[in-house]
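Step one of this worksheet: look at the structure below.
Throughout, protein chains are lettered first and strands after them, A, B, ... in sequence-line order, and every chain is numbered starting at 1. Treat the numbers as computed from the prediction; the structure is a model and nothing was measured.
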There are 2 protein chains.
Amino acid sequence: MDRKKEILEAATRSFSLFGYKATTMEQIAKIANVGKGTIYTFFANKEVLFQEIVRKMICEMKQEATDAIKEGASFQENAHDALMKMLEFRETHQLYAKIVDEEKDWRTPAAKQMLHETEQAIVTFIKEKIDKYVAKGELRQINSELVAYLLFKAYLAFINDWNVTHDESLPEVEIANFFQETIFRSLLV
Amino acid sequence: MDRKKEILEAATRSFSLFGYKATTMEQIAKIANVGKGTIYTFFANKEVLFQEIVRKMICEMKQEATDAIKEGASFQENAHDALMKMLEFRETHQLYAKIVDEEKDWRTPAAKQMLHETEQAIVTFIKEKIDKYVAKGELRQINSELVAYLLFKAYLAFINDWNVTHDESLPEVEIANFFQETIFRSLLV
DNA sequence: TATTTGACTGAATCACTCATTTGGTCATTT
DNA sequence: AAATGACCAAATGAGTGATTCAGTCAAATA
């Protein structure tokens with residue numbers, strides 16, 4: 001059997017269930033039916049193993065976002081769907097949710113770093129879509145990195161932060177309509 | 001001498017220097033040249049005393065923002081100046097900066113609560129300006145609360161969060177130009 | 001020989017304790 | 001009537017010894 005694959009699967013399960021800090025290398029070895037030392041023949045250390053797993057998760061997330069893209073649709077429609085998918089992923093996907101919690105509650109440096117990498121991936125994904133629609137002539141020529149960053153932060157604020165200060169969360173349609181009237185409207189040629 | 005005023009001044013100094021948690025009622029009493037019990041004849045408890053002080057700070061902040069408003073200027077110009085003033089206040093003003101730190105590092109509930117109240121004050125301030133400019137006919141009729149919230153979160157993201165992931169912070173002009181091209185542009189009639 | 005393994009190590013973290021501190025009270029003083 | 005600080009219960013934190021854990025490496029295995 002492919003030992004590296006076994007280890008990756010075991011580690012993914014453990015990190016998803018318990019987070020980075022609460023997962024021990026011995027635990028992973030036990031689940032993978034492998035000696036602890038074996039892990040170190042494939043991965044330099046715990047952090048590197050974690051990175052590989054999170055990066056795989058990022059790929060899955062990008063794939064889901066890509067699947068949500070409809071070829072003929074407007075930028076607003078696609079960007080909205082992609083962002084919603086990825087922010088839903090953030091709350092739904094066990095590992096992503098665990099990383100967010102761990103960074104918030106314990107400031108685990110490894111979790112913080114990979115959380116940033118994941119968020120950067122989202123921003124880059126959106127930036128690429130913007131560039132495509134600019135090339136298509138549907139959007140004005142703007143700084144796509146800044147716009148992508150703004151869209152991510154704005155969506156995060158309205159979906160995650162809003163209910164911290166307000167007692168009912170905003171319905172998705174209301175968010176969509178609001179951003180259509182503000183940010184998206186300003187991007188059209 | 002006005003004992004209440006002495007206490008307020010002493011408490012303001014202490015909270016500004018050491019934060020909420022690290023300030024003791026005995027310390028305040030000592031600085032105010034007052035017995036500890038005296039404080040409790042004016043304020044129900046430590047939290048209420050803190051609230052009164054933070055609310056005074058909020059007034060000062062709003063005053064500074066109001067001073068930054070130029071009567072004849074455009075909405076963008078005034079909103080930008082007001083937001084920048086208040087976010088500068090957030091980093092410059094000893095007490096505000098201490099509250100932000102304390103909420104981040106210790107999650108002190110009292111600090112968290114007053115931080116929210118302060119941020120809500122900023123959003124409300126901006127909302128009122130929006131309503132004014134909508135009435136003036138300079139801005140389209142939009143949900144002013146949502147726009148105010150968006151502006152606050154967006155400015156916070158570009159001024160505070162940007163340099164967390166990027167190594168050089170954005171120059172103010174670049175931020176102003178970017179928001180002019182995006183959010184502000186979409187608000188004009 | 002090449003690969004796998006788990007006992008081993010030092011550093012970090014933990015649970016626990018107990019002395020100190022602190023928010024708030026109230027009998028006494030002014 | 002107003003001010004005070006000794007006092008109290010609860011919370012905090014320093015100090016501790018025990019435990020846990022990431023990573024290593026000599027021995028076992030294939």
Side-chain angles (χ1 to χ4, degrees), chain A residues 1-54 98-99 101-114, chain B residues 1-54 98-99 101-114:
Chain A
M1 240 302 176
D2 188 353
R3 306 181 99 69
K4 188 176 178 183
K5 208 180 144 193
E6 297 275 15
I7 292 166
L8 277 170
E9 277 173 17
T12 303
R13 282 217 311 198
S14 197
F15 285 136
S16 297
L17 279 170
F18 310 114
Y20 180 78
K21 227 180 78 107
T23 289
T24 70
M25 294 303 264
E26 214 166 357
Q27 210 171 30
I28 295 172
K30 194 85 62 78
I31 299 176
N33 271 104
V34 141
K36 186 154 71 123
T38 311
I39 300 177
Y40 289 90
T41 64
F42 295 107
F43 305 95
N45 53 46
K46 191 183 176 182
E47 208 173 327
V48 165
L49 172 58
F50 184 59
Q51 281 167 10
E52 187 156 330
I53 285 165
V54 174
K98 261 275 165 325
I99 299 172
D101 283 352
E102 198 161 342
E103 143 67 4
K104 189 163 65 75
D105 296 340
W106 281 289
R107 314 266 159 84
T108 317
K112 190 185 183 119
Q113 193 201 316
M114 294 319 287
Chain B
M1 240 299 176
D2 188 354
R3 307 181 99 70
K4 189 176 176 182
K5 207 179 147 193
E6 298 275 15
I7 293 166
L8 277 170
E9 277 173 16
T12 302
R13 281 217 312 199
S14 197
F15 285 135
S16 297
L17 279 171
F18 309 114
Y20 180 79
K21 228 179 77 108
T23 290
T24 71
M25 295 301 265
E26 213 166 356
Q27 208 172 31
I28 296 172
K30 194 85 62 78
I31 300 174
N33 271 104
V34 142
K36 186 155 70 123
T38 310
I39 300 178
Y40 289 89
T41 64
F42 295 106
F43 305 94
N45 53 47
K46 191 182 177 184
E47 208 174 326
V48 165
L49 172 57
F50 184 59
Q51 281 167 10
E52 186 155 333
I53 286 165
V54 173
K98 261 274 164 328
I99 298 173
D101 283 352
E102 198 161 344
E103 144 67 2
K104 189 163 62 78
D105 296 341
W106 281 289
R107 315 263 160 85
T108 317
K112 188 186 184 119
Q113 193 200 316
M114 294 319 286

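A donor-acceptor pair is defined here as one N or O able to donate and one able to accept, closer than 3.5 Å; no such pair exists between the side chain of B:Glu6 and the backbone of B:Asn33. Panel note: side chain B:Ser16, backbone B:Thr12; a donor-acceptor pair is recorded below 3.5 Å.
Within the 4.0 angstrom heavy-atom criterion, only backbone atoms of the sugar-phosphate kind lie near B:Lys46; the bases stay farther away. Among the atoms of the strands shown, only primed sugar atoms or phosphate atoms (P, OP1, OP2) are found under 4.0 Å from some heavy atom of A:Lys21. Base engagement by A:Thr38 is indicated by at least one non-hydrogen atom pair under 4.0 Å involving a base atom.
In this structure, B:Ile53 CD1 and B:Thr23 OG1 are separated by 9.0 Å, a value rounded to the nearest 0.5 Å.
As rounded to whole Å, 16 Å separates atom C1' of C:dG23 from atom CZ of B:Phe43. Computed from coordinates, the A:Ile28 CD1 to D:dC21 C1' distance equals 12 Å when rounded to whole Å. B:Lys30 has its NZ atom 12 Å from the C1' atom of D:dG5, to the nearest Å. The CD atom of A:Gln27 sits 13 Å away from the P atom of D:dT20 (whole-angstrom rounding). Distance CH2 (A:Trp106) to P (C:dT13): 14 Å, rounded to an integer number of Å. Residue A:Phe50 contributes atom CZ, which lies 16 Å from atom C1' of D:dA22 at whole-angstrom precision. The CG-P distance, from B:Leu49 to C:dG23, rounds to 11 Å in whole Å. With rounding to whole Å, B:Ile39 atom CD1 is found 9 Å from C:dG23 atom P.
Nearest to the side-chain atoms of B:Tyr40 among the listed nucleotides D:dA3, C:dT4, C:dT25 stands C:dT25. Of all nucleotides listed (D:dA3, D:dG5, C:dT4), D:dG5 comes nearest to the side chain of B:Lys36. The side chain of A:Thr24 lies closest to D:dC21, out of D:dC21, D:dC7, C:dT4.
Mapping A:Asn33 and B:Asn45 onto DNA chain C by nearest heavy atom places A:Asn33 at the nucleotide closer to the 5' end.
A cation-pi arrangement is present between B:Lys46 and B:Tyr20 under the rule of less than 6.0 angstrom and at most 45 degrees off the ring axis.
The minimum heavy-atom distance linking B:Phe43 with B:Glu52 is given by the pair CE2-OE1, 3.4 Å.
Look at B:Arg3 and you won't find any side-chain N or O under 4.0 angstrom from OP1 or OP2 of D:dA2.
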